[in-house]
K.L.:
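I'd like to ask some things about the structure below.
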Amino acid sequence: MPSLKGFRGADPSLLHHLLEQTASMREVLGRPVPKVPALRGRRVALLFFENSTRTRMSFDLAAKALGADVMTFTPGGSSLSKGESLLDTAQTIKALGAHCVVVRAEQVGCPEWLERHLGLPIINAGDGTNEHPTQALLDLSVLAAEWGGRWQGRTLAIVGDVSRSRVARSHLYAAKALGIHVRLIAPKTFLEPGLAERFDAEVTSSLEQGLRGADAVLLLRVQTERRGGGGPYLPSTVDYFRAWGLGEAKLKAWAPDAVVLHPGPVNRAVEIGHDLVYGEASRIQDQVTAGVAARMAVLYWALGGDQDA
Ligand code: CP
């Protein structure tokens, strides 16, 4: 059974398959009874060692929409507080009958490590600053609907805290596989040396220059919690918003036809203006909705769901 640890080195056929499956799952979710018994009898464990609203809830809904049972682990109420290790916790979850583990953890590589020790399909729901593949998949499913599934010749502008963003990294890998052109727009302190060259991405620190001609803009959250007290990385959030934050006025002036994505949670008046969060160009709510179908597609793929269900 396959794991989805990330999109690094992903074959384009995997992305096309998961996007097609996401579209099929959207159709399921649009039915009067939005459920199919494709994963009846399977158990999906949700191991979230970092906080989450969207990802955890949408994996929970996705598993239930496919008829699976969900085992939810909450670190605060668990035996981790009595000194049980992450590995013993995971082995306990396997012994309770999990068929698949969805994991979010601050340690880069945690999904690989769990796969090696448990021998179960592992789905990466975000590992540190490394990857968040299901976020990239759901974002791409929103863009597929906007662009009619045509990727070549499209430009995605990714703005903000690129070096700390697992979402950006999964997008860079996926964009390379699909042939989407990427522009990275950030202050130098938010860029990892060599990243742009590895992905043939354009780089600019000018928001105006980066936005002109972009078909979509992906805004990233400024991740102060991943900076380990180092810095200063920003003069101030007010100055950051002035230079790299996006609101309706700048969008209309520089990329009037672009749609705007943000994985959430948003920092208003830091990377995004209040007026843009639910503005006309924003697809943020569509992203959240698409998360359920995308995670259904990944669970179905990882667990080899019943094709006849
Ligand atoms: N985008 C995202 O991963 O959101 P959550 O942290 O709320 O899951």
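Order of appearance sets the numbers: ligands from 1, and atoms from 1 within every ligand.
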K.L.:
Among T134, N124, L137, L299, which residue meets the side chain to side chain contact (heavy atoms under 4.5 Å, CB included) test with L4?
P.N.:
T134
K.L.:
Indicate yes or no for a side-chain donor-acceptor contact from S282 to the backbone of V277 under 3.5 Å, with no hydrogens or angles considered.
P.N.:
yes
K.L.:
Within 45 degrees of the axis of the six-membered ring of Y173 and under 6.0 Å from its centre: does R8 put its NZ or CZ there?
P.N.:
no
K.L.:
May I have the N/O to N/O pairs between ligand 1 and the protein that fall below 3.5 Å, each with atom names and distance to one decimal?
P.N.:
unit_1   : atom_1 : unit_2 : atom_2 : d
ligand 1 : 1 (N)  : Q135   : OE1    : 3.0
ligand 1 : 1 (N)  : P263   : O      : 2.8
ligand 1 : 1 (N)  : G264   : O      : 3.1
ligand 1 : 3 (O)  : T55    : OG1    : 2.9
ligand 1 : 3 (O)  : R104   : NH2    : 2.8
ligand 1 : 3 (O)  : H132   : NE2    : 2.9
ligand 1 : 6 (O)  : R104   : NH1    : 2.8
ligand 1 : 7 (O)  : T53    : N      : 2.8
ligand 1 : 7 (O)  : R54    : N      : 3.0
ligand 1 : 7 (O)  : R54    : NH1    : 2.7
ligand 1 : 8 (O)  : S52    : OG     : 2.6
ligand 1 : 8 (O)  : T55    : N      : 2.9
ligand 1 : 8 (O)  : T55    : OG1    : 2.6
ligand 1 : 8 (O)  : R104   : NH1    : 3.4
ligand 1 : 8 (O)  : R104   : NH2    : 3.4

K.L.:
Flag the pair E146 and R154 as a salt bridge only when some basic side-chain nitrogen lies within less than 4.0 angstrom of an acidic carboxylate oxygen.
P.N.:
no
K.L.:
Within the side chain of R166, is there an N or O that forms a donor-acceptor pair under 3.5 Å with the backbone of H132?
P.N.:
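Judged by distance alone, no pair lies under 3.5 Å.
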K.L.:
Would you confirm whether T289, through its side chain, and Q285, through its main-chain N or O, come within 3.5 Å as a donor-acceptor pair?
P.N.:
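A pair under 3.5 Å: yes.
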